[in-house]
Amino acid sequence: MIRVRFDVLTLFPEMYSGYLGQSLLRRAIDRGLVDVQLHNIRDWTRDKHGMVDDRPYGGGPGMVLKVEPTVACVEAVRKMKETPGHLVVLTPSGQRLNQPLVEKLSQQQRLLLLCGRYEGFDQRVIDILQPEEISIGDYVLNGGEVASMVLIDAVVRLIPEVLGDERSSQEDSFSGTDRLLEHAHYTRPREFRGHRVPEILLSGNHPEISRWRHEQSLRRTQQNRSDLLDED
Ligand code: 6GU
């Protein structure tokens, strides 16, 4: 049973082949848990040159993605299934993606991910389609494609059957009630270049191990992301 269907609307569908062929997502697609369909916005242009962008009214640098092909593409893709799907536009001016938002998005059966390029879309795309606008962080990418892969990746790993061991996504950084970074992990060998695995992890004393890991989480969060401790 398909848990989430993604429809990606982009000018660069070729950018996804490497990512979609990669192990965890590939397996989820092969097992029928996830479906990803790519749609090229250029296929919905009506003029003979296949023009998808144009110069901004009022002047200024860069190009703006045109309203007609974009709206036509979204409307056509919506009609491909019974459920119209939840429309997301990936744009640096959107709300910032975080784990609670990923969890909310993962409740959707169908997500339409519209990827911008250049200076963005004609504002009427937003006004007419009323998408949820999402950014993946405070920096600028050349387009929404990489951001959409980030979103897909984060959503897909919340599908219980996708990760082998269900606990592993619940114990991630930012999950659960105390939003702390994850503790350190170790595996064999016990010693490498004089760096030993902490003795406590070899003790078999699980209450003590839990306590130690929680302390590690706190210390890491203080060091790298003290903003997380100030929240609420
Ligand atoms: Cl979603 N798009 C672009 N172009 N840049 C970004 C972004 C999205 N999120 C952060 N930077």
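Atoms within each ligand, like the ligands themselves, are counted from 1 in listed order.
- Residue G137 has at least one heavy-atom neighbour below 4.0 Å for each of these atoms of ligand 1: 9 (N), 10 (C), 11 (N).
- Counting atoms of ligand 1 from 1 in the listed order, those under 4.0 Å from a heavy atom of I136 are 9 (N), 10 (C).
- At a 4.0 Å heavy-atom cut-off, ligand 1 touches S135 through backbone and side chain alike.
- The backbone N or O of D153 sits less than 3.5 Å from a side-chain atom of Y19, completing a donor-acceptor pair.
- Atom numbering of ligand 1 starts at 1 in the shown order; those under 4.0 Å from a heavy atom of I134 are 1 (Cl).
- The N/O atoms of L141, backbone and side chain alike, include one that comes under 3.5 Å of an N/O atom in ligand 1.
- Within the model, atoms CG of L9 and SG of C115 stand 8.0 Å from one another, a figure rounded to the nearest 0.5 Å.
- Between R220 and E182 there is no salt bridge, since none of the side-chain N atoms of the basic residue sits less than 4.0 Å from a carboxylate O of the acidic one.
- Closest to atom 11 (N) of ligand 1 among all protein heavy atoms lies Y139 O, 2.6 Å.
- Of the N or O atoms in N142, none lie within a sub-3.5 Å distance of an N or O in ligand 1.
- K104 pairs in a side chain to side chain donor-acceptor pair (under 3.5 Å) with only one of the listed residues (E132, Q99, H86), which is E132.
- Atoms of ligand 1 lying under 4.0 Å from at least one heavy atom of G143, given by number and element, are 2 (N), 3 (C), 4 (N).
- Proximity of T91 to ligand 1, defined as any heavy-atom pair under 4.0 Å, is confined to the backbone N, CA, C and O atoms.
- Atom 2 (N) of ligand 1 has its closest protein heavy atom at P92 CD, 3.4 Å.
- Interface of A147 with ligand 1, defined as ligand atoms under 4.0 Å from a residue heavy atom, comprises 1 (Cl), 8 (C).
- We find the CD1-CG distance between I134 and L113 to be 8.5 Å, quoted to the nearest 0.5 Å.
- Atom CG of residue L151 and atom CG of residue L101 lie 7.5 Å apart, to the nearest 0.5 angstrom.
- Using a 4.5 Å heavy-atom threshold, the side chains of T10 and M15 count as separate.
- Look at E75 and R78 and you find no salt bridge, because none of the NZ, NE, NH1 or NH2 atoms lies under 4.0 Å from a carboxylate O.
- Considering backbone and side-chain atoms alike, L90 places every N or O at 3.5 Å or more from each N or O of ligand 1.
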